[in-house]
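What follows is a single structure, written as structure tokens, with notes after it.
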There are 2 protein chains.
Amino acid sequence: MTRARAARPAKKRPDRYHHGDLRRALLQEAVRTIAKHGVDGLTLRTVGSSLGVSRTALYRHFADKAALLAAVAADGFRTLRVDLEEAWQRGGRGRAGFEAMGLAYVRFALAHPSHYRVMFGADIPGADNPELTQEGAGAFQVLVYAVVALQQLKLARQDEPRQMALFIWATVHGVAMLALDGRLGPEPAVVNRLIEYTIDRLRTGIAPGR
Amino acid sequence: MTRARAARPAKKRPDRYHHGDLRRALLQEAVRTIAKHGVDGLTLRTVGSSLGVSRTALYRHFADKAALLAAVAADGFRTLRVDLEEAWQRGGRGRAGFEAMGLAYVRFALAHPSHYRVMFGADIPGADNPELTQEGAGAFQVLVYAVVALQQLKLARQDEPRQMALFIWATVHGVAMLALDGRLGPEPAVVNRLIEYTIDRLRTGIAPGR
DNA sequence: ACCTGAACACCGTTCAAGT
DNA sequence: ACCTGAACACCGTTCAAGT
């Protein structure tokens, strides 16, 4: 052990959580815990002991538990943005790409239900957390760009893009939340049918004319 | 004081919480507490002492705190259903009534944000609570009826009514949640504009043709 | 039947102290 | 600078005991 460490070149690899790496480790462990045990399963004690660290060590890196959750939420928005960008581009940045984005959005929520709930939870100080605000805006911006592209392709009305994007966001968010809360019943087919139907109603809803 | 009580006829008015009235009092107090201090402000201790009762007295009437919250949620769905019915009828059971319903839905959420959150919260055993399931279904049924009426008026596509109602529900629910979570910023004008825009996009989204 | 009071096993957070 | 350990003020829930 000591020999191995001596033999290794000084590559700044942190074996102990020091010099700022504990923050990343805490965030990573929090994400894992939430995925496995839900938000209520996340306690400062468990996340601390999982990293072999005191339960109060967290306070060096986060103001409080809410700040940790805000960081978790920001991380979620980052992942969501990447997912949306991929779907949009792979779909060809047109109508197919737009539909793929809608599907990707709801799938993200269903794949990471607890994480998604933290992102939109009430217990998070959304307004006064710059990182969370920024990451949330970043994910939203992907949708705005897509809307503008659809408008240029004459597939969407010439309304204010941000307004239209907000409407679309609210709709897919609503579908995701109803599904997550089990409000659509236990059948996955019901959820899938609603997603498909919703995307088609979005298409006719934002189409030019009328 | 004592005189007044003696003079009053025996009208079965409960001065002490006994014989099943404590349940109603607990529910009522829980709703009031949540409205004033949010869900986190609701503790069995405070709601108990507000009624001059031990903090464990609740367990005679509810299985646990989650069951109390489920009752709160069911109560909310009952109020929401009444609000929706009123809006639909006063609007003339047509296009105006439908738009009034959409507005009434989001307004309910904004008027009772904490209560609304409990209705859709994750901490509630939605599936295994018959009363909550029934009240939720009742509110949804109002929307389904309205959709059928719109279809008969040729104002909506001839799709499966429940499917269309689910889509509409998801959309207004999404708008409500984004507004409640402060995701639309502090300006009420932004919220109002989104509500208006959303209702108009719902109109073109569910319109016949295309 | 209905409620109480003590006890239990938790929780987030503070703070003086260690290195 | 970073982390610890004890302490504090909470919390939901259980349970024997009272009436």
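Just so it is clear: chains get the letters A, B, ... in the order the sequence lines come, proteins before strands, and each one is counted from 1.
- Looking at B:L22 and B:L58, their side chains never come closer than 4.5 Å, going by heavy atoms from C-beta outward.
- Partners of A:E135 by side chain to side chain donor-acceptor pair (under 3.5 Å), not counting sequence neighbours, listed by chain and number: A:R78.
- The separation between A:D21 atom CG and D:dC2 atom P is 11 Å, rounded to whole Å.
- Within the structure, salt bridge (charged side-chain N to carboxylate O under 4.0 Å, His left out) pairs that include any residue of residues 160-179 of chain B do not occur (at least two apart or interchain).
- A search for side chain to side chain donor-acceptor pair (under 3.5 Å) contacts involving A:T79 returns nothing, not counting sequence neighbours.
- Scored by the side chain to side chain donor-acceptor pair (under 3.5 Å) test, A:T33 finds no partners at all (sequence neighbours excluded).
- Rounded to whole Å, the distance from CZ on A:F62 to C1' on D:dC3 is 16 Å.
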Contacts table for residues 185-199 of chain A: side-chain donor-acceptor under 3.5 angstrom, sequence neighbours left out:
| unit_1 | atom_1 | unit_2 | atom_2 | d |
| --- | --- | --- | --- | --- |
| A:N192 | ND2 | A:P188 | O | 3.3 |
| A:Y197 | OH | B:D159 | OD2 | 2.7 |
| A:T198 | OG1 | A:L194 | O | 2.7 |

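- Residues passing the ring pair (Phe, Tyr, Trp, His ring centres under 6.0 Å) test with A:F167, sequence neighbours excluded: none.
- In DNA chain C, stems built from 3 or more consecutive Watson-Crick or G-U wobble pairs, each with both distances under 3.5 Å, span C:4-8 with D:12-16, C:12-16 with D:4-8.
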request  = If a protein heavy atom is under 4.0 Å from the base, mark B; if only from the sugar-phosphate, S; if neither, -; do that for nucleotides 12-19 of chain C going 5' to 3'.
outcome  = BBB-----
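- By the side chain to side chain donor-acceptor pair (under 3.5 Å) test, B:E99 pairs with B:R95, sequence neighbours left out.
- Between C:dC3 and B:H61, a contact under 4.0 Å exists linking OP1 or OP2 to a side-chain N or O.
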